[in-house]
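Right, one structure below, let's go through it.
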Amino acid sequence: MKEISLVLLGFGSANRALVEMLLRKSVFHRHRRCLCITSTSASTGECIPWRVVAIVTGRHGRVYIPTTMNPEGVWYEVDVEAALRRIKSDGIMDNSLIVKIEKLGIDQKITRLQNKEQLVSQHDEFTTPQQTIKLLQALADAKAANIVAEAIPSNPRNGGGEPAVSFIHTALKAGMHVVSANKGPLAQLEHYIEPDSNTIRMEEVYWKLQDVAASNGVQYLHESAVMDGVPIFSLWQNTLPHANLTKLRGCLNATTTMILTRMEGPNGDTFDEALSAAKEMGIVEADESLDIDGYDAAVKLRAILVVLLKSSQTSGTTLRIPSIDEIPRDSIRNVTKDDIKCAFNDGGKKFRLVASAELVQTSIDDTTDRREWKAKVELEQILPADPIYNLTGTSSSVQLFTDVLGPITMVSTDPTLVDTAYGLFSDIVRVASSN
C-alpha cells in the first residue's frame, strides 16, 4: 500500500482516540506523516504516508477533500489536529479544515482550502445515511480513499447494525477496506424470502459482508468491536488453525461488573448509587437497559460466536447460532446489598453477569452432524476458584474452550479509549502490511 487514505465515519471518542494514536505513532518522512510498517511479504519495513480524506458525523457536519483528480505534486487532506480542537469545542466539520499541500522541490507549500474551491457546500449540521453512502462511492470512484474507519453509534435492539451495515457494504463493494469498532454488524441476522419456495430464511449479515470483502479483494476487520481491542478475533484466525470452538464463557459487559463491584463490601453502594456512579463515568449506554438487563452481553456473545465460527466452518457440519432474542438474559437491576452480603458469606461468592455458550449435538445421520449452540446471559454466584472471580471495575474477560487446547483466557483490565483506539489502529496496520 503506497498511502493510507482514511475516511472516518463518526468522530466520537473512538475515532478521535484513533487519530491521536496515529499522530503519536507517526514519523515524518519526506515532509509527510508516515507509519513504519513491515509488510507480510517482505522482511524490511517501510514508511507509508497517511492522511485523512474525510470525516463524517451525524450531528456535526462533514468534511471531505475534492473528489476531482489532483494535479501532480498536489494533494489534499483534513487537518486532523484542527478537527480535534474544533470537535472538542462542539464545532462543525466543514471545508475550512481542508488543507492543500503542494510539493515545491524539497519543500512544500501548505494552504487552507478556501470556500471558492469547494465543490459542494458541506455546512449541513446533520448528515443523512444516503449522503454518506453517496460520498463513500464518490471517494472510491475517484480513488481518493482506501480505508474506512467506522465507529458510529448503533443500537442492536432497534434496527440491528444499521446504518453501519449499509456503510460497510458500500465501502467494501466499492473496493475500500473497512476497520470497525461496531459490534452490531457482527451479531445481526437478516431475514429474506427465498424466491422459489417463498420461505423466510435468515442470513448472518457478518458472513455476507465478509463475502463481499473477499469478492472485491479487500478486508473487513473489527478488533475493537468486542472487549476494547483485545485481539480475540486475530488470535483465533491467525494462531489457532483447525481449532474448533466448543464452549465460551466470560464477563463481556464492563458496566455490570463495575456496578456489582461497587455494591460489594460493608460500605458498598446500593444498586441505584452504583448505577449513578457508572453513568458519571460515562460507561452506561444511553438506553441503560442494554447494559443492566443483559442485552449488550448477549450481543457480544453472539458476535464472538458468529465471527469465530465463520473462521472455522467445515463441510458436512451445520451449526445453528441462536438469535439475540433467543438468548435468555438475566438482569442485575434487582440485586440488593443483602444479596451481595449473603453470597459472600456463603464461601466468599460474588455476583457476576456471565455470558456463556456451549455446542450441543441435536441429531446425527450418515451425512450431517447437526449441532447447535446453547447460549445464555446469567447472573451467577461465582466461587474464588473461578477464573473471572477477580474481575473488578470495568474489566472484562472471555474464556475459549476448543478441541485442541486447554481453556484460553483473555482479560481486559480497566480498559480506556486507548485500548479501543489500538484495536482500530492495529487493523489499519494489518491492512497496510498485507497490501
Side-chain angles (χ1 to χ4, degrees), residues 4-26 28 32-33 50-66 75-101 110-129 131-132 135-136 139 144-145 147-155 163-164 167 179-182 224 228-229 277-287 394 415-425 428:
I4 298 169
S5 302
L6 278 171
V7 176
L8 302 180
L9 294 186
F11 205 47
S13 55
N15 266 346
R16 292 203 302 269
L18 168 63
V19 168
E20 290 168 352
M21 183 168 289
L22 285 165
L23 291 170
R24 288 198 307 274
K25 296 292 184 179
S26 294
F28 275 91
R32 297 197 63 183
R33 289 194 183 97
W50 68 271
R51 60 177 174 151
V52 171
V53 299
I55 299 176
V56 180
T57 75
R59 294 180 296 173
H60 296 278
R62 57 182 179 157
V63 52
Y64 57 89
I65 67 170
W75 68 90
Y76 297 91
E77 64 182 65
V78 178
D79 183 344
V80 290
E81 292 174 300
L84 287 170
R85 291 192 297 269
R86 185 176 296 184
I87 202 71
K88 289 176 182 177
S89 64
D90 204 33
I92 298 297
M93 299 290 105
D94 59 34
N95 262 6
S96 65
L97 294 169
I98 294 290
V99 293
K100 180 169 68 173
I101 303 173
I110 301 175
T111 55
R112 196 162 295 278
L113 191 65
Q114 301 300 315
N115 284 352
K116 64 182 180 180
E117 294 187 65
Q118 294 180 25
L119 302 181
V120 181
S121 175
Q122 296 157 46
H123 294 274
D124 296 333
E125 185 175 353
F126 296 96
T127 305
T128 67
Q131 288 175 317
T132 300
L135 175 59
L136 289 172
L139 290 168
I147 301 179
V148 175
E150 184 274 315
I152 63 174
S154 67
N155 185 335
F167 297 161
V179 301
S180 173
N182 200 325
S224 285
D228 300 290
K279 287 180 178 178
E280 289 178 8
M281 294 173 63
I283 63 172
V284 182
E285 296 276 5
D287 178 357
T394 57
T416 66
L417 285 172
V418 173
D419 298 64
T420 306
Y422 182 70
L424 290 165
F425 177 86
I428 290 171

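Source: prediction; values computed, not measured.
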statement: The reported gap from CE in Met93 to CD1 in Ile98 (rounded to nearest 0.5 angstrom) is 11.0 Å
task: State whether a side-chain donor-acceptor pair under 3.5 Å links Asn182 with Ser180.
output: no
message: Testing the basics here: between Phe11 and Val19, what is the closest heavy-atom pair and its distance to 0.1 Å?
response: CE1-CG2, 4.0 Å
task: Kindly indicate whether the side chain of Leu23, heavy atoms from C-beta on, has any atom under 4.5 Å from the side chain of Leu84.
output: yes
- line: Closest non-hydrogen contact found for Leu18 with Ala421 is N-CB, 3.6 Å
task: Could you grab the distance from atom CG of Leu135 to atom OH of Tyr64, nearest 0.5 Å is fine?
output: 6.0 Å
task: Kindly give the heavy-atom pair with the smallest separation between Leu136 and Phe167, and that separation in Å.
output: CD1-O, 3.7 Å
- request: Please test Arg51 against Val53 for side-chain contact (heavy atoms from CB on, under 4.5 Å), starting from the C-alpha separation and ending with a verdict.
  value: CA-CA 6 Å; Arg51 60 177 174 151; Val53 299; 3.8 Å; yes
- line: Glu150 and Ala164 have their tightest heavy-atom pair at OE2-CB, 3.6 Å
query: What distance do Ile152 atom CD1 and Thr57 atom OG1 have between them, rounded to the nearest 0.5 Å?
result: 11.0 Å
- line: Rounded to the nearest 0.5 Å, the OG1 atom of Thr128 sits from the CZ atom of Arg62 at a distance of 7.5 Å
query: For the residue pair Val78 and Ala54, what are the closest heavy atoms and their distance?
result: CG2-N, 4.0 Å
- prompt: Going through the checks in order, is the side-chain contact (heavy atoms from CB on, under 4.5 Å) test met by Thr394 and Met281?
  reply: CA-CA 10 Å; Thr394 57; Met281 294 173 63; 4.1 Å; yes
Distance in Å, Ile428 CD1 paired with Lys25 NZ, rounded so as to fall on 0.5 Å steps: 13.5 Å
- prompt: Between Asp94 and Gly61, is there a donor-acceptor pair closer than 3.5 Å when you use the side chain of the first and the backbone of the second?
  reply: no
- prompt: Does the side chain of Leu6 come within less than 4.5 Å of Leu22's, by heavy atoms?
  reply: yes
- request: Assess whether atom OH of Tyr422 is packed by more than 12 heavy atoms of other residues, nucleotides or ligands within 6.0 Å.
  value: no
message: So does Thr420 get a backbone contact from the side chain of Ser224, meaning a donor-acceptor N/O pair under 3.5 Å?
response: yes
query: For the residue pair Trp50 and Ser26, what are the closest heavy atoms and their distance?
result: NE1-OG, 2.6 Å
message: Between Asn15 (side chain only) and Gly12 (backbone N and O only), is there a donor and an acceptor less than 3.5 Å apart?
response: no
query: Salt bridge check: are Arg86 and Asp79 linked by an N-O gap of less than 4.0 Å?
result: no
- prompt: So how far is it from Ile101 CD1 to Arg32 CZ, rounded to the nearest 0.5 Å?
  reply: 6.5 Å
